[in-house]
Amino acid sequence: MPQKNMPKDWTPPYPSWSADFAASMEELVIAYIGAQASADSLLKFHKRLQGFLSIAPVPANVERAAYTDSAGYRNEVYICYWPDRKTYQRWLESSGFDEWWRDDARLDEASGYWRELICARRERLETLFSSKDAAGMARLAPGFGGEIKEHGYWGGMRDRIEDSEQDDFISPYGPALRPLAEVASRGRRMSVTPPANLCLIRSAQNWTACHAEELAIYENDVHPVLIEGMNYIRDNPIETGCVSCRFMDELTLAGEPQAKTFGLAFFLTIGHLEAWARSHPSHLAIFQGFHKMVKRLNFQLDLKLWHEVIVLPAGGHLFEYINCHPQTGLLPYFAAD
């Protein structure tokens with residue numbers, strides 16, 4: 001039986017909160033819908049997708065972001081959250097998105113398209129916020145509970161996941177990533193079934209409200225180290241167990257820049273994520289830089305940090321790539337149909 005990681009008589013060093021999901025909300029649906037293309041093609045993608053997302057039942061939360069991947073392709077992404085699978089399915093059927101997505105015309109376009117659809121069971125997810133400013137899946141929760149105790153120590157992330165009390169979240173894939181031979185993916189529609197217990201983390205930074213001194217410290221001492229760490233796990237998957245890492249700039253729905261970023265990473269297991277976070281120099285540099293900032297500002301920060309973590313159960317997900325380059329998403333490690 002898995003053991004809790006919280007030290008005896010633990011007192012957290014600073015306040016944090018978790019989204020308090022209603023017991024009736026058993027399974028959230030999250031769809032990452034992206035395009036990798038030229039600027040002209042991306043404009044067409046945004047117009048088309050925003051039209052689909054305006055059809056009821058609309059997502060309970062939609063966020064937009066962009067990044068350039070390691071192959072040099074511009075990717076623009078919508079992150080859409082529905083409160084349950086039935087509501088998502090009704091949108092899929094009524095919006096016209098599914099018909100557009102499945103049209104073979106997508107295979108002949110200059111754009112590549114991808115969607116990663118995740119069904120997140122409440123017992124296999126957790127969130128952590130440095131403020132009560134909801135984002136991501138937390139916008140589907142009725143609110144936040146009181147300050148939580150399960151944070152500020154190594155292993156707190158696992159302790160916040162309900163199913164960790166009876167599940168070690170071991171991967172049936174094996175203990176280490178094994179890259180596949182690169183396949184020709186252009187002009188093809190490819191679907192990947194992820195192994196059980198693949199672990200997703202979306203870890204976000206929001207410096208919108210930072211005053212001048214705090215902003216200078218963050219931009220000079222913390223943000224560059226954060227980028228280095230995200231690039232490291234992206235470029236060293238075998239060592240870290242990170243299947244995919246995308247460090248994104250968050251945009252408004254109209255496409256305007258915001259003072260927000262987030263890393264979106266898939267690890268083979270939560271154990272691989274924990275090992276990187278606890279002991280790898282690339283993460284320790286981020287951790288130490290942030291804590292130096294906290295102490296320098298006497299624990300009075302306007303920087304807002306949050307994350308959401310999901311341990312995927314077996315089945316019920318859809319990872320699909322149309323006309324994408326072969327290093328996109330999960331394609332390098334798991335066999336595609």
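Predicted model only: the values in this text are computed from it and were never measured.
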Do [X] and [Y] have ring centres separated by under 6.0 Å?
X: Phe262; Y: His307; answer: no
X: Trp101; Y: Phe52; answer: no
X: His151; Y: Tyr14; answer: yes
X: Phe97; Y: Trp91; answer: yes
X: Tyr88; Y: Trp82; answer: yes

Give a yes or no on whether [X] atom [atom1] has more than 12 heavy-atom contacts from other residues, nucleotides or ligands under 6.0 Å away.
X: Lys292; atom1: NZ; value: no
X: Arg296; atom1: CZ; value: no
X: Glu239; atom1: CD; value: yes

Side chains of [X] and [Y]: donor-acceptor distance under 3.5 Å anywhere?
X: Glu182; Y: Gln327; value: yes
X: Ser131; Y: Trp306; value: no
X: Tyr113; Y: Arg106; value: no
X: Gln205; Y: His223; value: no

In Thr193, Val192, Leu117, the residue satisfying side chain to side chain contact (heavy atoms under 4.5 Å, CB included) with Phe319 is Val192
Open item on the list: Side chains of Leu53 and Pro59, heavy atoms from C-beta outward: is any pair under 4.5 Å?
Closed with: yes
Side-chain donor or acceptor of [X] paired with backbone N/O of [Y] under 3.5 Å:
X: Asn61; Y: Gly136; value: yes
X: Arg122; Y: Met25; value: yes
X: Glu308; Y: Met137; value: yes
X: Ser164; Y: Arg158; value: yes

Exercise. Applying side-chain hydrogen bond (donor to acceptor under 3.5 Å, both in side chains), run through Thr261 and Trp207 and close with a yes or a no.
Key: CA-CA 9 Å; Thr261 54; Trp207 60 95; over 6 Å; no
Can you list the residues that meet the side chain to side chain contact (heavy atoms under 4.5 Å, CB included) rule with [X], with sequence neighbours excluded?
X: Asp163; answer: Arg121, Glu123, Arg124, Gln166, Phe169
X: Ser171; answer: Tyr173, Pro195, Leu268, Thr269
X: Gln288; answer: Leu284
X: Ala216; answer: Asn220

| said: Assess whether a salt bridge exists between Arg202 and Glu63, defined as any Lys/Arg side-chain N lying under 4.0 Å from an Asp/Glu carboxylate O. | reply: yes
Test: Lys44 and Glu109 ion pair at under 4.0 Å: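 Looking at Glu109 together with Lys44, the answer is no, because their closest N to O distance does not fall below 4.0 Å.
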Using a 4.5 Å side-chain heavy-atom cut-off and chaining through intermediate ILVMFWY residues, the residues clustered with Ile148 come out as Leu128
Side-chain donor-acceptor pairs under 3.5 Å in residues 328-337, sequence neighbours left out?
unit_1 : atom_1 : unit_2 : atom_2 : d
Thr328 : OG1    : Gln36  : NE2    : 3.3
Thr328 : OG1    : His325 : O      : 2.7

